[in-house]
Amino acid sequence: MNNKEGNNKRGGSRPSSNKPKPAMQKRAQGPKKAKVTAKVAEEAAKKIEKKPNQAPKRAKAKDEIRLNKYISNSGVCSRRDADIYIQSGNVKVNGIPVTEMGYLVKPGDDVNFDGVKLTPEKKVYILLNKPKNFTTALDEGQEYRNVLELVKGSTTSKIAAVGRMDKNTTGLLLFTNDTDMIRKFSLPNQKSSKIYQVSLDKNLKFEDLEKISKGLVLDGHRVFVEEVSYIEGEAKSEIGLKLKTSNVKVVRNIFEHFDYDVLRIDRVAFAGLTKKNLPRGNWRLLTEQEIINLKNT
């Protein structure tokens with residue numbers, strides 16, 4: 001008896017069937033999630049309410065100006081502080097309180113700031129070729145005169161110098177009542193280049209010139225030098241230096257770091273502006289194109 005027969009005796013043989021097996025029942029499933037199409041998302045976005053104080057988006061007309069800038073131009077406060085006043089409801093345009101950030105003011109609009117009617121000043125930009133023995137500081141006593149004396153009568157607006165200059169520094173100095181411009185050229189990461197002619201007490205060693213060209217660290221801050229070179233036809237104590245900063249103190253510290261005494265510093269170029277046709281001690285108004293260039297640097 002073979003194993004096959006034994007198995008048949010114990011369990012019996014199962015009749016074979018060619019009938020198809022019934023399909024397995026599918027698990028109960030919830031409703032299918034609708035796919036979010038781009039069109040659906042766009043419709044949903046349209047239904048989202050605008051955030052409070054959000055200005056309506058529209059093209060700005062030629063003579064329109066943002067309300068916070070209008071306030072800043074009047075000289076009462078900065079743009080950032082103006083935003084706070086606007087949000088608090090203390091600014092009215094044509095008698096109506098405005099709390100929208102980015103609200104645009106049109107020529108002829110009546111702007112009232114905390115109960116006072118504002119009249120923004122026209123922006124003024126004056127370039128001076130500063131002589132020696134004048135300073136931008138106001139606290140050095142009466143021994144040295146202030147640079148504002150040199151541009152007296154140029155405008156009735158309240159202007160300030162862009163950056164600082166001591167009595168021994170000469171060259172280009174910009175004055176304006178544009179607080180945004182003053183702030184822009186006071187930032188450490190400004191993009192425009194300035195060129196200085198520096199007179200030292202002794203010849204600059206070539207190895208020191210190379211070290212300066214690679215940049216250096218002063219007071220824990222990295223100073224990047226675009227160009228440094230001897231001035232052609234002059235003694236090797238006369239150096240040309242090109243870098244971004246408008247802080248003359250940095251220029252002086254670069255050479256003092258290598259044990260040179262700086263006798264004179266003359267700024268010969270400032271953000272594309274030069275001393276051409278501007279004698280020492282004289283000033284002139286910037287042209288419209290020069291103003292545009294300054295704002296775009």
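All residue numbers in this chain count up from 1 along the given sequence.
Taking a 6.0 Å sphere around NZ of Lys123, one finds it holds more than 12 heavy atoms contributed by other residues, nucleotides or ligands. When the shell of 6.0 Å around CD of Glu288 is examined, it contains 12 or fewer heavy atoms from other residues, nucleotides or ligands. Heavy atoms from other residues, nucleotides or ligands lying under 6.0 Å from CG of Asp219 number 12 at most. Atom CD of Glu232 sits in a sparse spot, with 12 or fewer heavy atoms from other residues, nucleotides or ligands closer than 6.0 Å. With a 6.0 Å radius and a threshold of 12 heavy atoms from other residues, nucleotides or ligands, Lys92 has its NZ atom at or below the threshold.
Looking only at atom types and distance, the side chain of Glu238 has a donor-acceptor partner in the side chain of Ser199 under 3.5 Å away. A donor-acceptor contact under 3.5 angstrom links the side chains of Asn129 and Arg280, judged on distance only. Side chains of Asp109 and Tyr70: a donor-acceptor N/O pair is absent below 3.5 angstrom, by distance only. Donor-acceptor pairing under 3.5 Å is recorded for the side chains of Asp266 and Thr170. Donor-acceptor pairing under 3.5 Å is lacking for the side chains of Ser186 and Lys184. A donor atom on one side chain and an acceptor atom on the other are found under 3.5 Å apart for Gln289 and Asn293.
A cation-pi arrangement is absent between Lys244 and Phe224, since the terminal nitrogen or guanidinium carbon is not both under 6.0 Å from the aromatic centre and inside a 45° cone about the axis.
The main-chain N or O of Ile231 is never found under 3.5 Å from a side-chain atom of Glu234 such that the two would form a donor-acceptor pair.
At a threshold of 4.5 Å between non-hydrogen side-chain atoms, the residues Met101 and Ile86 count as touching. Side-chain contact check for Glu210 versus Lys205: every heavy-atom pair is 4.5 Å or farther apart. Looking only at side-chain heavy atoms (C-beta outward), Ile126 and Leu286 stay at 4.5 Å or farther from each other.
Ion pairing of Glu100 with Arg66 is absent here, as no side-chain N (NZ or NE/NH1/NH2) approaches a carboxylate O to less than 4.0 Å. Salt bridge annotation for Asp83-Arg80: absent, with no cationic side-chain nitrogen under 4.0 angstrom from a carboxylate oxygen. Between Asp261 and Lys202 there is no salt bridge, since no side-chain nitrogen of the basic residue lies less than 4.0 Å from a carboxylate oxygen of the acidic one.
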CA sep, side-chain torsions, deciding dist, call: Arg79, Asp180, salt bridge (Lys or Arg N to Asp or Glu O under 4.0 Å): CA-CA 9 Å; Arg79 283 200 202 184; Asp180 290 334; 2.8 Å; yes
Stepwise side chain to side chain donor-acceptor pair (under 3.5 Å) check, Lys194 with Ser192: CA-CA 7 Å; Lys194 292 85 184 172; Ser192 60; 2.9 Å; yes
Side chain to side chain donor-acceptor pair (under 3.5 Å) assessment of Asn247 paired with Thr245: CA-CA 5 Å; Asn247 188 345; Thr245 184; 5.2 Å; no
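The minimum heavy-atom distance linking Ser88 with Tyr85 is given by the pair OG-O, 2.8 Å. Contact between Val124 and Ser157 at its shortest, heavy atoms only, is CG2-OG, 4.1 Å. Between Thr99 and Gly89, the closest heavy-atom pair is CG2-CA, 4.0 Å. The minimum heavy-atom distance between Leu67 and Val111, with the atom names listed, is CD1-CG1, 4.0 Å. Of all heavy-atom pairs spanning Ile159 and Asn177, the tightest one is CG2-N, 3.9 Å.
Residues Leu187 and Val250 fall into different hydrophobic clusters, defined by Ile, Leu, Val, Met, Phe, Trp and Tyr side chains chained together at heavy-atom separations under 4.5 Å.
Interatomic distance, NZ of Lys242 versus CD of Glu227, reported as 5.0 Å (0.5 Å rounding). The CZ atom of Arg267 sits 4.0 Å away from the OH atom of Tyr196 when rounded to the nearest 0.5 Å. Note that CG of Asp114 is 10.0 Å distant from CD1 of Ile71, once rounded to the nearest 0.5 Å. Here CG of Leu263 is found 7.0 Å from CG of Leu200. Values are rounded to the nearest 0.5 Å. For the atom pair CG (Leu204) and CD1 (Ile212), the distance works out to 5.0 Å, reported to the nearest 0.5 Å. Interatomic distance, OG1 of Thr287 versus CD1 of Ile292, reported as 8.5 Å (0.5 Å rounding).
Screening Phe270, Tyr125, Phe175 against Phe185 for a ring-ring contact (aromatic ring centres under 6.0 Å, His included) leaves a single residue, Phe270.
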